[in-house]
Amino acid sequence: MKKKIAILPGDGIGPEIMEETVKVINAVSGYSSIEPEFEYADIGAVAIDRTGDPFPEKTYDICMKADTILFGAIGDPKYDNDPSAKVRPEQGLLRMRKSLGLFANIRPVSPYASLLDSSPLKNDIVEGADFVVVRELTGGMYFGEPRGRNEMGDKAFDTCVYSKYEIMRVAEIAFEYARRRKGKVTLVDKANVLATSRLWRETVKELHAGKYRDVELDFLYVDNAAMKMVSDPRFFDVILTENMFGDILSDVSGVINGSIGLLPSASLGESRSLFEPIHGSFPQGAGKNIANPVATILSAAMMYEDAFGAAAEGRVIREACADAVNSGVCTPDIFPGSSYGTKEVGDYIAGRIHERCKNAL
């Protein structure tokens with residue numbers, strides 16, 4: 001069974017971590033009925049440099065023709081450090097999400113037992129944490145209009161807008177995830193201050209009362225949720241929240257695993273899905289063979305499970321990643337001074353897949 005995968009390496013360390021992920025997919029494909037077909041496309045700063053557009057029409061066409069999408073990272077200092085730049089890499093990411101209809105971002109957090117000491121949090125806080133952040137992706141302040149500055153340039157404004165439909169469809173994703181997990185959804189908002197948050201709370205309560213009474217539902221303001229995440233992460237099962245709050249909280253969750261280099265994600269849409277690590281482009285590490293490929297490789301595991309319905313393939317990738325972590329085959333962000341680089345970690349995981357797949361698939 002052939003599956004077309006659009007590969008969007010992006011900027012910074014994106015090409016390096018994507019190379020190792022493709023290596024792992026190729027290792028799995030030797031034991032699977034799924035035959036991957038890769039097509040590469042530009043996005044972000046590299047796309048601006050080549051075409052002047054952070055999300056070129058050609059890239060959009062490749063994504064639309066693919067069964068699913070693997071994405072690396074976006075961002076480059078020459079744009080990040082230039083506030084006057086009118087075209088920015090991040091515009092490509094936002095346009096991609098919007099144009100492909102990717103409305104729900106799924107970010108699982110579950111620390112490896114062997115890496116509890118890598119977290120800046122105490123072991124007794126981190127141990128046993130296992131939750132998912134479900135973030136709305138196409139609404140809120142990142143997309144609201146109007147936005148800009150006044151004529152004098154001394155004031156700036158952004159608009160946060162949400163519709164009931166946008167809230168309802170991502171809330172259903174969160175409730176369905178909770179049904180497959182521990183049966184609890186926590187809505188994170190700022191309903192004491194924001195009108196959009198009050199609409200979120202009303203809509204989610206309505207959906208819960210109508211279809212999901214079997215799922216426990218509670219509420220936290222975003223500031224309280226941030227404190228709870230680093231003081232009692234076991235409190236959470238599924239966190240449901242809007243775009244900007246989810247962007248911040250899902251990165252905060254990286255301290256639980258010890259490194260955001262270990263956190264994968266999926267962005268789900270009505271017709272296709274995209275899979276990516278939660279970390280950025282880490283431009284200062286590009287080309288140095290120090291980038292952690294595990295988050296991207298785990299994103300490929302989510303791709304097999306969620307996009308292809310191939311649970312066995314996803315499981316063997318996860319197990320191979322766990323083998324690497326538990327054996328200390330990790331990049332320096334996990335173990336400072338480690339002699340293992342990006343390629344060595346990728347090679348090890350691919351090798352473990354070959355060993356495991358002889359009997360697993």
Side-chain angles (χ1 to χ4, degrees), residues 103-111 119-122 124-142 144 158 160-258 260 263 265-268 278:
F103 65 86
N105 184 244
I106 315 299
R107 298 189 177 187
V109 178
S110 181
S119 172
L121 303 177
K122 294 180 180 179
D124 60 346
I125 291 176
V126 174
E127 188 173 12
D130 180 12
F131 62 87
V132 172
V133 179
V134 178
R135 166 192 170 192
E136 200 284 326
L137 272 186
T138 61
M141 196 175 296
Y142 292 171
D158 296 285
C160 185
V161 179
Y162 268 109
S163 69
K164 190 171 182 178
Y165 168 75
E166 288 174 312
I167 298 166
M168 190 78 75
R169 65 180 181 176
V170 71
E172 287 187 337
I173 296 286
F175 281 119
E176 291 295 337
Y177 260 86
R179 276 180 170 171
R180 301 197 299 268
R181 292 172 49 83
K182 293 174 282 186
K184 177 183 175 183
V185 170
T186 299
L187 175 64
V188 173
D189 60 26
K190 196 65 175 172
N192 58 333
V193 175
L194 301 176
T196 49
S197 283
R198 288 191 283 274
L199 179 63
W200 268 84
R201 193 169 288 209
E202 292 168 8
T203 304
V204 171
K205 288 173 70 174
E206 177 185 331
L207 180 64
H208 176 256
K211 292 177 61 177
Y212 295 103
R213 292 183 182 180
D214 57 310
V215 177
E216 180 184 352
L217 174 64
D218 62 6
F219 308 92
L220 283 178
Y221 294 144
V222 63
D223 40 3
N224 192 7
M227 290 189 289
K228 198 81 169 173
M229 186 174 284
V230 296
S231 63
D232 185 18
R234 289 187 295 271
F235 172 84
F236 297 108
D237 178 25
V238 175
I239 296 173
L240 169 63
T241 192
E242 61 101 67
N243 204 345
M244 186 174 72
F245 295 161
D247 191 2
I248 296 166
L249 289 177
S250 54
D251 282 356
V252 171
S253 70
V255 303
I256 295 168
N257 276 50
I260 59 174
L263 294 176
S265 76
S267 296
L268 307 183
I278 80 160

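When all heavy atoms of Cys160 and Thr196 are compared, the closest pair comes out as O-CG2, 3.5 Å. Looking at every heavy atom in both residues, Asn224 comes nearest to Leu220 through ND2-CD2, 3.4 Å. Ser253 and Leu263 get closest at one heavy-atom pair: OG-CD1, 4.0 Å. The nearest pair of heavy atoms linking Ser250 to Val133 is CB-CG1, 4.4 Å. The shortest non-hydrogen separation linking Ala209 to Arg213 is O-NE, 2.6 Å.
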Residues Asp130, Arg234; criterion salt bridge (charged side-chain N to carboxylate O under 4.0 Å, His left out); working and verdict:
CA-CA 7 Å; Asp130 180 12; Arg234 289 187 295 271; over 6 Å; no

CA sep, side-chain torsions, deciding dist, call: Val134, Val238, side chain to side chain contact (heavy atoms under 4.5 Å, CB included)
CA-CA 7 Å; Val134 178; Val238 175; 3.8 Å; yes

Before giving the answer on side chain to side chain contact (heavy atoms under 4.5 Å, CB included), spell out for Val215 and Arg179 the whole-Å C-alpha distance, their side-chain angles and the decisive distance to 0.1 Å.
CA-CA 7 Å; Val215 177; Arg179 276 180 170 171; 3.7 Å; yes

Check against side chain to side chain contact (heavy atoms under 4.5 Å, CB included), Val132 and Ile239:
CA-CA 6 Å; Val132 172; Ile239 296 173; over 6 Å; no

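A salt bridge links Glu172 with Lys211; the closest basic N to acidic carboxylate O contact falls under 4.0 Å. No salt bridge links Glu202 with Lys164; every basic N to acidic carboxylate O contact stays at or beyond 4.0 Å.
Note on ring orientation: taking the six-membered ring where Trp is involved, the planes of Tyr162 and Trp200 are perpendicular (angle over 60°, cut-offs 30° and 60°).
The side-chain hydrogen bond (donor to acceptor under 3.5 Å, both in side chains) check on Lys228 picks up nothing, with sequence neighbours excluded. Applying the side chain to side chain contact (heavy atoms under 4.5 Å, CB included) rule to Thr241 yields the partners Val188, Phe245; only residues at least two apart in sequence or on another chain are considered. By the side-chain hydrogen bond (donor to acceptor under 3.5 Å, both in side chains) test, Arg201 is found to be paired with Asp189, residues two or more places apart in sequence or in another chain being considered.
Interatomic distance, CD1 of Ile125 versus CD1 of Ile256, reported as 10.0 Å (0.5 Å rounding). Summarising the geometry, atom OG1 belonging to Thr186 is positioned 3.5 Å from atom CG belonging to Asp218; distances are rounded to the nearest 0.5 Å. Note: Ser231 OG to Lys122 NZ = 12.0 Å, rounded to the nearest 0.5 Å. Here the CG atom belonging to Asp223 is positioned 7.5 Å from the CG atom belonging to Asn192, to the nearest 0.5 angstrom. Here NZ of Lys190 is found 12.0 Å from CZ of Arg198. Values are rounded to the nearest 0.5 Å. Atoms OG and CG, from Ser265 and Leu137 in turn, are 8.5 Å apart once rounded to the nearest 0.5 Å.
Side-chain contact between Val109 and Phe236: absent, with no pair of heavy atoms (C-beta onward) separated by less than 4.5 Å. A heavy-atom distance below 4.5 Å is not found between the side chains of Phe103 and Leu268. Using a 4.5 Å heavy-atom threshold, the side chains of Asn105 and Arg107 count as touching.
Asn243 places no side-chain N or O within 3.5 Å of a backbone atom of Gly140 that could act as its donor or acceptor partner. The backbone N or O of Phe235 sits less than 3.5 Å from a side-chain atom of Lys184, completing a donor-acceptor pair. A donor-acceptor pair under 3.5 Å is absent between the side-chain atoms of Asp237 and the main chain of Val185, judged by distance alone. The main-chain N or O of Met141 is never found under 3.5 Å from a side-chain atom of Asp158 such that the two would form a donor-acceptor pair. At distances below 3.5 Å, at least one donor-acceptor pair connects side-chain atoms of Glu242 with backbone N or O atoms of Met244. The closest donor-acceptor contact from the side chain of Ser119 to the backbone of Val255 lies under 3.5 Å.
With Asp251 as the partner, the side chain to side chain contact (heavy atoms under 4.5 Å, CB included) test is satisfied by one option alone out of Ile248, Leu249, Asp247: Asp247.
Side-chain contact, Thr138 with Arg169: a donor N or O sits under 3.5 Å from an acceptor N or O.
Within a 6.0 Å sphere centred on CZ of Arg180, other residues, nucleotides and ligands contribute more than 12 heavy atoms. Environment of NZ in Lys182: crowded, with over 12 heavy atoms of neighbouring residues, nucleotides or ligands closer than 6.0 Å.
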